[in-house]
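Count residues from 1 along the sequence. Side-chain atoms are counted along with the backbone in the values below, which use heavy atoms only and exclude waters and symmetry mates.
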Amino acid sequence: MGSRRPLGRRFGWLWAAYAISTFGTSLAFDAFSLIAVLVLHAGPAQVSALAAVGPAVGAVLAVPLGPWVEFRRKRPVMIAMDLVRCGLLLSVPAAYLLGRLGFGQLLVVSMVVAAADITFNAAAGACLKALVRPPDLVVANGRFEATQWTSTVLGLPLGGAAAGLFGPVTTVVADAVSYLLSAAGIRAVGGGEPRPVRAEAPPAARAAMVLEGWRHLLAHPVLRPLFLNAVLVNGLIMATAPPAAVLMLGPLGFPPWQYALAFAVPCLGGLLGSRLAGPLVARFGRHRVLRTAGTLRACWLIGLPFVHPGVSGLLLVMAVEFAMIVCIGVFNPVLAAHRLELTEPDRVARTLSAWSVTGKLTIAALTALWGLLAALTGPRTAIALAGALILTTPFLLPRRPAGPAPASPGPSRAPAAETGPPRR
């Protein structure tokens, strides 16, 4: 019943592949920004563009890939996306060694890697739905959530140390190698995978498939409020990161190591929350856990504007972040499992693609908007406004539970493939 329930050898290979690539990504966190500043001597405008424009354009590029993923074997798509990301990332150290690395290359790599991330997620969710029985979806997603937070806790400080000792390009190499190892792990999962059947359709119908994921999300009485809630909450939380950095590293005078500590240590709360998700669902049910954890995770950000200098201010930030991340650690795997169960197999890839694209675009837009608000009103006021707005998001959570999605009735629908964790 609990999180120790065995899910099989094939899932074990998949989990290992996910752990390796996630740890590699944590090692290279903010590596492109560091390269832009330390190697290319880029200014604030270029660094901001790299952080916001790259993922946003990548999300737009990924929009037509949802239907493409839906009607292909999912595991080969995942392997291909891992290899694409590996090759693109290796182009950065190669150009650096040849003395030809430029800001334009970093921006293009950032865009294409973002599109590959979304494509991988779309395939991975469909695979996981077919590999894991519905009662085990929360357990499986809880393990991926725990891995994500563990990698963050360990990878960020190690990546920072590696970047300081050997340069940020080194961490990009480590991230590229992790994707190569992930591709090998996904291939080792084994097992057959049927080719999805795609019915012939006129060009207008094929074009309409691009929007099918959004139509499904916005028409579903339970997924619609969850979708809007998750997109808005994640966007508001991420939008406060730049103003918080300006506030803590500037007027409040926190040294960089304390700033990193303030946001790294609370990630242990994600590990705790992900471990609690399965037992809580077993006792109270998915709907109640989603409502409770979704409400509680919105209650903590309002405490961040009260940060002040000194050890007590540092502890305040850590306490706020820890409490919020515990709730997020409970909410995320339950949401991921619920989303898969409420989506028909032939729509999973397009639905997850639409969710990821919307989330990335929302984060980019709100981050830019909150940067402007912080410039006009000050970072503390901007953070307080985000904290006040996020308090309204629990009203978007669904009030009634829903049953699982019906099975696909027709042969023209694409059967889901077999494996894959949702990568966030």
Enquirer: Quick one: CZ on R75 to CD1 on I186, what's the gap to the nearest 0.5 Å?
Expert: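 Output value for this atom pair is 9.0 Å.
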
Enquirer: Once the angle between the rings of F144 and Y18 is folded into 0 to 90°, is it parallel (under 30°), tilted (30 to 60°) or perpendicular (over 60°)?
Expert: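 Answer is perpendicular, since the angle exceeds 60°.
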
Enquirer: Decide yes or no for F263 and V317: does some side-chain heavy atom of the first lie under 4.5 Å from some side-chain heavy atom of the second?
Expert: yes

Enquirer: Please give me the minimum heavy-atom distance between H287 and R399, naming the atom from each residue.
Expert: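 Result for this residue pair: NE2-O, 3.1 Å.
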
Enquirer: Carefully, step by step, assess I237 and M324 under the rule side-chain contact (heavy atoms from CB on, under 4.5 Å).
Expert: CA-CA 10 Å; I237 290 174; M324 183 169 63; 3.9 Å; yes

Enquirer: For side-chain contact (heavy atoms from CB on, under 4.5 Å), just list the numbers for S182 and I20, CA-CA rounded to whole Å, side-chain angles, deciding distance to a tenth of an Å, and then say yes or no.
Expert: CA-CA 6 Å; S182 172; I20 292 170; 5.5 Å; no

Enquirer: For L271 versus A146, what's the shortest heavy-atom pair and its separation?
Expert: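 It is CD1-CB, 3.6 Å.
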
Enquirer: Given T393, which partner from the list V231, N229, T295 fulfils the side chain to side chain contact (heavy atoms under 4.5 Å, CB included) test?
Expert: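 The passing option is N229.
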
Enquirer: Is any side-chain heavy atom of L217 less than 4.5 Å from a side-chain heavy atom of H220?
Expert: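 Not in contact.
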
Enquirer: Quick check: does any side chain N or O of R297 sit under 3.5 Å from a backbone N or O of G294, one acting as donor and the other as acceptor?
Expert: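 Between the backbone of G294 and the side chain of R297 there is a qualifying donor-acceptor contact (under 3.5 Å).
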
Enquirer: Within the structure provided, determine whether F227 and L218 are in side-chain contact (heavy-atom separation under 4.5 Å).
Expert: yes

Enquirer: So, for P93 and V173, which heavy atoms are closest and what is the spacing to 0.1 Å?
Expert: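 Looking at all heavy atoms of both residues, the closest pair is CG-CG2, 3.6 Å.
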
Enquirer: Calculate, to the nearest 0.5 Å, the distance between atoms CD1 and CG belonging to I118 and L61 respectively.
Expert: 9.0 Å

Enquirer: Do N332 and N141 come within less than 4.5 Å of each other through their side chains, counting heavy atoms only?
Expert: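 N332 vs N141: side chains apart.
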
Enquirer: Mind running side-chain contact (heavy atoms from CB on, under 4.5 Å) on R215 and E212 for me, showing each step along the way?
Expert: CA-CA 5 Å; R215 278 199 293 266; E212 179 60 31; 3.2 Å; yes

Enquirer: How close do A241 and Y259 get, counting heavy atoms only, and between which atoms?
Expert: O-OH, 4.1 Å

Enquirer: At what distance, to the nearest 0.5 angstrom, does CD of E321 lie from SG of C267?
Expert: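 The distance works out to 8.0 Å.
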
Enquirer: Atom CG in L280, atom CZ in R275: separation rounded to 0.5 Å?
Expert: 12.5 Å

Enquirer: To the closest 0.5 Å, what do you measure between CG (L106) and OG (S91)?
Expert: 8.5 Å

Enquirer: Could you tell me how the ring of F11 sits relative to the ring of W15: parallel (under 30°), tilted (30 to 60°) or perpendicular (over 60°)?
Expert: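 Geometry flag for W15 against F11: tilted rings.
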
Enquirer: Is the shortest side-chain heavy-atom distance between F32 and V92 below 4.5 Å?
Expert: yes

Enquirer: For the residue pair A62 and S353, what are the closest heavy atoms and their distance?
Expert: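 For A62 and S353, the tightest heavy-atom pair comes out as O-OG, 3.9 Å.
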
Enquirer: Would you give the length of the straight line joining atom CG of L226 to atom CG of L342, rounded to the nearest 0.5 angstrom?
Expert: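 The distance works out to 8.0 Å.
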
Enquirer: Verify, without hydrogens or angle tests, whether T22 (side chain) and A19 (backbone) share a donor-acceptor contact under 3.5 angstrom.
Expert: no

Enquirer: Of all the heavy-atom pairs spanning A239 and L366, show the shortest one and how long it is.
Expert: CB-O, 3.6 Å

Enquirer: How about T119 and W68: does a side-chain donor come under 3.5 Å of a side-chain acceptor?
Expert: no

Enquirer: Take L27 and D175 through the side-chain contact (heavy atoms from CB on, under 4.5 Å) test and state the conclusion after the steps.
Expert: CA-CA 7 Å; L27 284 174; D175 194 16; over 6 Å; no

Enquirer: Inspect the surroundings of CZ in R224 and state if more than 12 heavy atoms from other residues, nucleotides or ligands are less than 6.0 Å away.
Expert: yes

